[in-house]
Amino acid sequence: MHGQHDDRFHRAMARLGSWCADRPRTVLAAWSLLAVILVGAVMAFGRPVDNDVALPGSDAQTARDLLDRVPGDDGTSGQLVVHASAGRLDEPVRQQALAQARTTIAAVPGVASVSGVSTVEGTLSADGRTGYLAVRLDVPPREVDRALSKDITAAATPARDAGLEVVPGGVLASAAERGGAKTSELLGLAVAAVVLLLAFGGAVAASVPLVTALFALACAISAVGLAGHLAAVPAVAGTLATMIGLGVGIDYALFLVTRYRRLLADGVETRAAVVYSVATSGSAVVFAGATVVIALAGLAVAGVPILGTLGWTTGLVVTVAVAGAVTLLPALLALLGPRIDRLRIQRSGGSAGIGWARQADRVTRRPWRWAALAALLLAVITAPALDLRLGQVDAGDNPVGSDSRRSFDLLAEGFGPGVNGPLTVVATLEPRATDAADPRLTTLTRELTATEGVATVAPPRLGDDGGTVRFTARPDTAPSDPATADLVRKLRTTSVTGAEVHVGGTTATRVDLADRIGQRMPWVIAVVVGLSTVLLYAAFRAPVVAVKAAVMNLVSVGAAYGVLTAVFAWGWGVELTGLAGPVPVESYLPMMLFALLFGLSMDYEVFLLTAVRESWQRTGDNRTSVREGLAGTGQVITCAALIMITVFASFVLHTDPVIKMFGLGMAVAVAVDATIIRGILVPATMALLGRANWWRPGGPGRHNSEQFRASPEGVSISADQH
């Protein structure tokens, strides 16, 4: 039955490849039209982002919902931080310049009101050198883009002409720094082009995977950008989708192009080579992409909206990359035909395959020794993960010199670190208060102010219904400081008769986010591992292989966690990433990384095991099958892994610390997977398990099946009797 299942799937893929090979111009025109429509729509309507974190069911979300009853909290707030290197901001000449700046800023379309930089309003520091203008916007956060931030900052020219430093902060700084992935994208593409050129030995062959990946990426990223008009899509989603889209898009196309060129070299006619490549390597690409998408779908059990959004946006990019590899790429190959080997610069040899074959021989001769070595190496890399603690980064962790970091530091120096992460304390009163003189408000103010870790508490604001009151508490510590998280939990225990206290705001929401992720992480791991194992079993009908692959993927994820902890939390070499010192590991990052890495690691596992199984079915010799499998996939997987590592590592250049973590973590995991696991652990464990690798319930390890074969005359299916 398994052979029949494989046969049906391969036949379907062969029909798809045949259709694309027969209508290459139609396929290319369809993709071109889709790209023009999507990219044009993004250019016309923009790609709004929303970094607001909602967490249904949390105490922070309860506080947020209650705030709807308190007047004056509508709209979006931004900041312009003003600093004087000497003197005070409340000097008459400077106050006049600031008044002019408020007028010009208020005239910018999208600005509702401007206030601040005065002692009365509490927007001027004690030393008088630092203050901020509170800019109230009449547009939602997702519509605050770089252009609006630039216009508002430029409108503060009167203050700058008076010798004052003006730096955007808050949402304005985030918008101004958006789009910092261009350097990473270009570097990743440049290195990928070099690797492909060396691997294929020709400019035409090297360009095909790049063209396919860029077509698919343009469509997918544009679709994600347009989705921001319908749903809350954080800025990190687009960058993460670009990172993954580049990596898998090039890799998936690489696998098909490699198979196609080998067939041409064997004398197979162009159309038959295209069809066979889609039926075999294309099938593996579909399985690999499905594994990534299924792993990302497992994030749904986390109950965290931001993770769900990152999951479906990244899954969309992977799906489009798969579609491009099995439709657009065959059309391009059919148009090129033998010309794919034009513009050669060198002969592409098989030295990589020979090297992997020799490595397989060495490992399978002494599997216990090599397995012990791999275990030791992986233990050393993974060990720091035992100290992994979830936290939250703030603007103070951004690279020195960025607007967000500069405004954060100026405010912290002038007002104290807690000014960058005020806590919104919302209390419900029962019975309701009749006015602001209700004694419970005085008691609440006293209790909150007396809480250890609170610097100041702003006067209460009573809701229109008299049943809700808001306080703004400023902590003594920065938003990312663990002491601030402890303060959030302490404030929630505030007890006043007739009042129920909730704590919200960005900082409190991220505290709740870390707590929920810690609770749900085991469930996500169980679901992702379970679903991926089932998919692998469906692909190979070998439970031992499926479970072993899942365990090895867990190991590569553990290695990524270990490096993240050592570099970012401990600070080992963190300066090399562009950061000034240790930073917390963002709370949602390990869970998202787990789903991504588990799926991506399965890609290489699927391609390698497919080759090993083909050899096993032909020879029945375990050691020979491992050797031939590694030799047959050695060059292409090494090339693919190098591209993926380079693309991911290039995103360490991004200004956002969270993107740096994603880039480094995924680059390390792929590197470990492509070297230690594939070069040592896979052959060692397969040698130790022997025939048990391919044991399957209810049948022998080798079975009768129909296999696709390519010949100069075309593609045929013949029965292999094993």
For a quick test of reading the model, state the closest non-hydrogen atom pair linking Thr497 to Arg440 and the distance between them. O-CD, 3.5 Å

I'd like to know if the side chain of Asp59 and the backbone of Val503 have a donor-acceptor N/O pair within less than 3.5 Å. yes

Check whether more than 12 heavy atoms from other residues, nucleotides or ligands sit under 6.0 Å from atom CH2 of Trp570, and answer yes or no. yes

Check whether any side-chain N or O of Lys660 sits under 3.5 Å from a backbone N or O of Phe651 as a donor-acceptor pair, and report yes or no. no

For Lys490, does the NZ atom have more than 12 heavy-atom neighbours from other residues, nucleotides or ligands under 6.0 Å away? yes

Minimum heavy-atom distance Ala412-Val419, with the two atoms named: N-CG1, 4.2 Å

From CA spacing to verdict: salt bridge (charged side-chain N to carboxylate O under 4.0 Å, His left out), Arg160, Glu165: CA-CA 6 Å; Arg160 280 190 291 272; Glu165 180 183 5; over 6 Å; no

Taking the side chain as every heavy atom from C-beta outward, state whether Leu444 and Leu429 have any pair of such atoms under 4.5 Å apart. yes

So does Arg88 get a backbone contact from the side chain of Arg94, meaning a donor-acceptor N/O pair under 3.5 Å? yes

So, Gln95 side chain and Leu89 main chain: donor-acceptor pair closer than 3.5 Å or not? yes

Would Thr130 and Glu413 count as a side chain to side chain donor-acceptor pair (under 3.5 Å) if you check the C-alpha gap in whole Å, the side-chain angles of each, and the deciding distance to 0.1 Å? CA-CA 8 Å; Thr130 305; Glu413 181 181 348; over 6 Å; no

Are any non-hydrogen side-chain atoms of Ser587 and Gln392 less than 4.5 angstrom apart? no

List the steps, then state whether side chain to side chain contact (heavy atoms under 4.5 Å, CB included) holds for Thr507 with Asn420. CA-CA 9 Å; Thr507 302; Asn420 290 296; over 6 Å; no

Please round to the nearest 0.5 Å and tell me the distance separating atom NE2 of His83 and atom CG of Leu164. 9.5 Å

Intermediate values then yes/no, side chain to side chain contact (heavy atoms under 4.5 Å, CB included), Leu172 and Leu80: CA-CA 8 Å; Leu172 296 180; Leu80 288 178; 4.2 Å; yes

N/O donor-acceptor pair under 3.5 Å between Arg405 side chain and Ala395 backbone: no

Can you measure from CZ (Arg129) to CG (Asp90) and round to the nearest 0.5 angstrom? 13.0 Å

Check Val393 against Pro584 and note the closest heavy-atom contact, atom names and distance. CG1-O, 3.3 Å

Full working for side chain to side chain contact (heavy atoms under 4.5 Å, CB included) between Val42 and Leu226: CA-CA 6 Å; Val42 165; Leu226 293 173; 3.7 Å; yes

For residues Gln79 and Ser407, determine if any side-chain heavy atom of one lies less than 4.5 Å from a side-chain heavy atom of the other. no

CG/Leu448 to OG1/Thr456 distance, rounded to the nearest 0.5 angstrom? 11.5 Å

To the nearest 0.5 Å, how far apart are CG in Asp656 and CG in Asp397? 10.5 Å

Do Phe648 and Phe662 have ring centres separated by under 6.0 Å? no

Minimum heavy-atom distance Asp476-Ala455, with the two atoms named: OD1-CB, 3.1 Å

Could you grab the distance from atom CZ of Arg470 to atom CG of Leu67, nearest 0.5 Å is fine? 5.5 Å

Output, in order, the C-alpha distance, side-chain angles, deciding distance and verdict of side chain to side chain contact (heavy atoms under 4.5 Å, CB included) for Leu388 and Val585. CA-CA 8 Å; Leu388 177 62; Val585 176; 3.9 Å; yes

Using side-chain heavy atoms (C-beta onward) and a distance below 4.5 Å, is Phe568 in contact with Val574? yes

So Thr468 and Val426, do their side chains get closer than 4.5 Å, heavy atoms only? yes

Between the side chains of Ser404 and Glu177, does any donor sit under 3.5 Å from an acceptor? yes

How are the rings of His229 and Phe45 set relative to one another: parallel (under 30°), tilted (30 to 60°) or perpendicular (over 60°)? perpendicular

Are any side-chain N or O atoms of Gln61 and backbone N or O atoms of Leu55, one a donor and one an acceptor, separated by less than 3.5 Å? yes

With side chains defined as the heavy atoms from C-beta onward, is the minimum distance between Phe598 and Leu554 less than 4.5 Å? yes

Just checking, is any N or O donor in the side chain of Asp394 or Ser480 under 3.5 Å from an acceptor N or O on the other one? yes

Do Asp515 and Gln519 have side-chain atoms, one donor and one acceptor, less than 3.5 Å apart? no

Gap separating the OG1 atom of Thr314 from the CD1 atom of Ile244, nearest 0.5 angstrom: 6.5 Å

I'd like to know if the side chain of Thr153 and the backbone of Ser149 have a donor-acceptor N/O pair within less than 3.5 Å. yes

Has Asp403 got a side-chain atom pairing as donor or acceptor with Ala173's backbone, closer than 3.5 angstrom? no

Where the side chain of Asp512 meets the backbone of Ala60, is there a donor-acceptor pair that is under 3.5 Å apart? yes

Grab the two heavy atoms, one from Val425 and one from Ala473, that are nearest each other, plus how far apart they are. CG2-CB, 4.3 Å

Heavy-atom closest pair, residues Pro582 and Ala569: CB-O, 3.6 Å

What do you reckon, is CD of Glu452 surrounded by more than 12 foreign heavy atoms closer than 6.0 Å? no

Can you list the steps and then say if Thr477 with Thr484 is a side chain to side chain donor-acceptor pair (under 3.5 Å)? CA-CA 6 Å; Thr477 49; Thr484 305; 2.6 Å; yes

Go through the steps for Phe594 and Tyr561 under the test ring-ring contact (aromatic ring centres under 6.0 Å, His included), then give the verdict. CA-CA 9 Å; Phe594 175 81; Tyr561 287 175; 7.4 Å; no

Strictly distance-based, threshold 3.5 Å: is any side-chain N or O of Arg102 a donor or acceptor partner for the main-chain N or O of Gly116? yes

Less than 4.5 Å apart, any side-chain heavy atom of Met592 and any of Leu240? yes

What I want to find out is whether Arg489 reaches Asp486 closely enough, with some N-O distance under 4.0 Å, to be called a salt bridge. yes

Does any part of the side chain of Met591, heavy atoms only, come nearer than 4.5 Å to the side chain of Leu299, both counted from C-beta? yes

